[in-house]
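I have placed the structure first, in the form of structure tokens, so that the comments after it can refer back to it.
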Amino acid sequence: MATPKGAIGNEPVVRIAVGGEHDGTDRLNAARDTAETVDVVAVGPTGVEALAPLVLATRDGATAFLPRCTVEDARTAVEALEDGSLPDGGPTVEHDPTTSTLPLPPEETMVSTALTAGVRRALGGCGWQAPASVADYRTSCDGALLAEDGIDDPDAVHERVADAALRGRGRGDGSTDDPISGAWTTASETDGEPVVVVNANEADDHARADRLLLESAPLAVLDAALATAHAVDATDVLVYTNDTESLARERAQEAADALAAECDSPVPIQVVAGPDEYTAGEMTMALEAMEGNDRLEARRRPPGPAEYGLYGRPTVIHTPRTFAQVGQALAGEGLGGVPGDPGTRLFTVAGDVDAPATIELPTDATLADVRGAVALDGGLKTACVGGRFGGLTRDLDVPASASGLRGARLGTNGVIELFDESTCTVALAGRRAKLAREENCGRCVPCREGSKQLVDLLRDVYDGEYQDGMLRELARTMRETSTCEFGQEASRPVTTAMESFEPEFRAHADGRCPSGSCDGVSS
């Protein structure tokens, strides 16, 4: 089968972003109905919701940006290119006609500065390349697919990833925060037929980076996964998404079909869906879901998935964010960042902001670099870093590396929620504790019973009794004895809130809510 038509080249083209939180399908249909000679290509979102729906009109090495584009604007963009000009109304940037990454106009000309915050390496093709066009994707890797290199020399793939000392990215990764080459070695040396799993199942609405990669740059993820499969001698690759993320699944399937048509690989790629439950993204519960189990429970470890994974097979399981880093390493590009955690990390900035944005930071940058990329009403009071069970902090001057984040007792799942001065930190920590109580799988006592006690102790604060010692000891027990990351991390919002906002806990025990937002407690 022919791979989908690309967007990169010397011909005039209108790119319509379809995906993310803003469906641009109506703009796409209007542009295609208008076009007579100009190509209209659906691309994925950029990750910057403030710009969506975004339309790009390219002609003669120049691209006009049309953020928040209307249906009529999309028609006008096509008509302008048909007439030999660029549409008015948005910033324009000149670039090499064959550039493989989104060219960025000057920051001061855009309605949002999120595109120019940090760097765009893993995100470089998002919003620019046609998601399933191998021709577009090949321009970003000098013509050769990573999987083709993997077929020719699988040992070299493993060696390059090991030499790069790449670490896993995100919740649900088989090597979260750890070097991934060890799991690859274990899987390849364990008896049985290894399998590679791309774990994109994430039910946290704020954690959007994996979905973004599959909607916008699925070939970068799948090509790296296929190269990994050759490196560990795996017989198949599975892409696992949420059931509701139909566009991500559709584009992953299109990319898998395109790779199969272009690459002479014996390793098939299958795309499957799992439930939209928070637990279903945890690494071992993801395997349970893929095996068709109705009741998802975390598996005891050891052995880990690299030894006993999907249907008992040796399993290499990574998030799309990790595979994007594998692709960067195999492409021979300098990863940059800190030596102990090279490359970049993706963070979706959400919370009390005008519009969420997914930002890419080198690991030697600090989280403070995202602060100017989004608009926050009022002053910043609290940030929750690391997802639903991330750490609460006042200070974003923290390195974006795994060691930096963990050293600050923050989470490494790529979410930074910003909250303004009206947010009560005690109530925020309480909501996360209730989530842990309601969503845990029930498999292990420390998580199941600990999360109940955590909520009870926080309720005691509102009743006038702040038992900080008991809260800290309960959190330590959950952290050190729970079976999986869910229980190990569930108490983190509470403990970090106690460290950074302890006066608020004591104020609540005295009957006052400093932010004035808790019912029944005076401000």
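Basis for what follows: all heavy atoms, side chains included, without hydrogens, waters or symmetry-related copies.
- At least one donor-acceptor pair under 3.5 Å links the side chain of Gln488 to the backbone N or O of Ser482.
- Leu471 contributes atom CG, which lies 10.5 Å from atom CG of Asp456 (distance to the nearest 0.5 angstrom).
- With hydrogens and angles disregarded, a donor-acceptor distance shorter than 3.5 Å links the side chain of Arg492 to the backbone of Phe389.
- Using a 4.5 Å heavy-atom cutoff, the side chains of Leu418 and Val374 are in contact.
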Pair Thr358-Thr348, side-chain hydrogen bond (donor to acceptor under 3.5 Å, both in side chains): steps then yes or no:
CA-CA 4 Å; Thr358 299; Thr348 299; 2.9 Å; yes
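- To the nearest 0.5 Å, the span separating CE on Met470 from CG on Leu454 amounts to 11.5 Å.
- Residues Cys424 and Ser517 meet the side-chain proximity criterion, which asks for heavy atoms closer than 4.5 Å.
- Among all heavy-atom pairs drawn from Phe65 and Leu102, the shortest one is CZ-CD1, 4.1 Å.
- When side chains are defined from C-beta on, Arg437 counts as touching Lys434, because their heavy atoms get closer than 4.5 Å.
- Here the closest non-hydrogen pair linking Arg345 and Gly168 is NH2-O, 3.6 Å.
- Surrounding CZ of Phe501 are more than 12 heavy atoms belonging to other residues, nucleotides or ligands, all under 6.0 Å away.
- No side-chain donor-acceptor contact under 3.5 Å links Glu277 to the backbone of Ala203.
- Rounded to the nearest 0.5 Å, atoms CG (Asp294) and CD (Glu288) are 11.0 Å apart.
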Test side-chain hydrogen bond (donor to acceptor under 3.5 Å, both in side chains) on Thr319 and Asn199; report intermediate values, then the result.
CA-CA 5 Å; Thr319 61; Asn199 183 8; over 6 Å; no
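- A salt bridge links Asp341 to Arg169: at least one charged side-chain nitrogen sits closer than 4.0 Å to a carboxylate oxygen.
- In this model, no donor atom of one side chain and acceptor atom of the other lie less than 3.5 Å apart for Thr113 and Glu107.
- With sequence neighbours left out, the salt bridge (charged side-chain N to carboxylate O under 4.0 Å, His left out) criterion links Arg321 to Asp210.
- A salt bridge links Glu502 with Arg506: the closest approach of a Lys/Arg side-chain nitrogen to an acidic carboxylate oxygen falls below 4.0 angstrom.
- Side-chain contact between Leu361 and Val119 is absent, with no heavy atoms from C-beta onward closer than 4.5 Å.
- A salt bridge links Glu449 with Lys452: at least one charged nitrogen is closer than 4.0 Å to a carboxylate oxygen.
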The test is side chain to side chain contact (heavy atoms under 4.5 Å, CB included); show your working for Tyr466 and Met498 and say whether it passes.
CA-CA 11 Å; Tyr466 175 40; Met498 291 169 61; 3.3 Å; yes
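- Residues Pro356 and Arg208 meet the side-chain proximity criterion, which asks for heavy atoms closer than 4.5 Å.
- Considering all non-hydrogen atoms of both residues, Thr284 and Pro305 come closest at CG2-CG, 4.4 Å.
- Checked by atom type and distance alone, the side chain of Thr363 pairs as donor or acceptor with a backbone atom of Val338 at under 3.5 Å.
- When all heavy atoms of Met283 and Gly174 are compared, the closest pair comes out as SD-CA, 3.2 Å.
- When atom types are taken as modelled, the side chain of Asp395 and the backbone of Asp397 share a donor-acceptor pair closer than 3.5 angstrom.
- For Arg406, the CZ atom sits in a loose shell: 12 or fewer heavy atoms of surrounding residues, nucleotides or ligands are nearer than 6.0 Å.
- Considering CZ of Phe347 and CD1 of Ile416, their distance stands at 5.5 Å, rounded to 0.5 Å.
- Between Leu367 and Leu405, the closest side-chain pair of non-hydrogen atoms falls below 4.5 Å.
- Classification of Glu297 and Arg299 as a salt-bridged pair fails, no side-chain N sitting under 4.0 Å from a carboxylate O.
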Between Glu417 and Arg432, is the salt bridge (charged side-chain N to carboxylate O under 4.0 Å, His left out) condition met? List the steps.
CA-CA 13 Å; Glu417 295 168 86; Arg432 301 300 162 96; 2.9 Å; yes
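- Between Leu115 and Thr46, some side-chain heavy-atom pair lies under the 4.5 Å cut-off.
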Stepwise salt bridge (charged side-chain N to carboxylate O under 4.0 Å, His left out) check, Lys381 with Glu504:
CA-CA 12 Å; Lys381 176 184 177 182; Glu504 290 197 32; 2.9 Å; yes
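- Taking OG1 of Thr382 as the reference point, atom CG of Leu392 lies at 6.0 Å (rounded to 0.5 Å).
- Take Glu245 and apply the side chain to side chain contact (heavy atoms under 4.5 Å, CB included) test, not counting sequence neighbours, and it matches Arg211, Asn242, Ala248.
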Kindly determine whether Glu307 and Thr190 satisfy side-chain hydrogen bond (donor to acceptor under 3.5 Å, both in side chains), including the steps that lead there.
CA-CA 6 Å; Glu307 294 178 87; Thr190 299; 5.1 Å; no
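- With sequence neighbours left out, the salt bridge (charged side-chain N to carboxylate O under 4.0 Å, His left out) criterion links Arg388 to Asp204.
- The backbone N or O of Pro45 lies less than 3.5 Å from no partner atom in the side chain of Glu215, so there is not a single donor-acceptor pair.
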Please report the C-alpha distance between Glu480 and Arg476 in whole Å, then the side-chain angles of each, then the deciding distance to 0.1 Å, and finally whether the salt bridge (charged side-chain N to carboxylate O under 4.0 Å, His left out) criterion is met.
CA-CA 6 Å; Glu480 296 184 0; Arg476 186 196 64 79; 2.9 Å; yes
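- Within the model, atoms CD1 of Ile180 and OG1 of Thr176 stand 11.5 Å from one another, a figure rounded to the nearest 0.5 Å.
- Using a distance-only test at 3.5 Å, with no hydrogens or angles considered, a donor-acceptor pair links the side chain of Asp354 to the main chain of Ala375.
- By the 30° and 60° cut-offs, the orientation of the rings of His318 relative to Trp184 is tilted.
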Can you list the steps and then say if Glu254 with Arg251 is a salt bridge (charged side-chain N to carboxylate O under 4.0 Å, His left out)?
CA-CA 5 Å; Glu254 290 175 354; Arg251 287 184 169 164; 5.1 Å; no
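- Under 4.0 Å is where a charged nitrogen must lie from a carboxylate oxygen, and between Glu282 and Arg171 no such pair does.
- Smallest separation of non-hydrogen atoms from Phe486 and Glu439: CZ-C, 3.8 Å.
- In this structure, Thr423 contributes its side chain and Phe419 its backbone to no donor-acceptor pair below 3.5 Å.
- A donor-acceptor contact shorter than 3.5 Å links the side chain of Arg448 to the backbone of Gly442.
- Side-chain contact between Phe323 and Val196 is present, with at least one heavy-atom pair separated by less than 4.5 Å.
- Between Cys441 and Met285, the closest heavy-atom pair is CB-SD, 3.8 Å.
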Take Gln325 and Thr344, measure what side-chain hydrogen bond (donor to acceptor under 3.5 Å, both in side chains) needs, and give me the verdict at the end.
CA-CA 8 Å; Gln325 297 297 317; Thr344 61; 2.9 Å; yes
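- With hydrogens and angles disregarded, no donor-acceptor distance shorter than 3.5 Å links the side chain of Arg409 to the backbone of Thr496.
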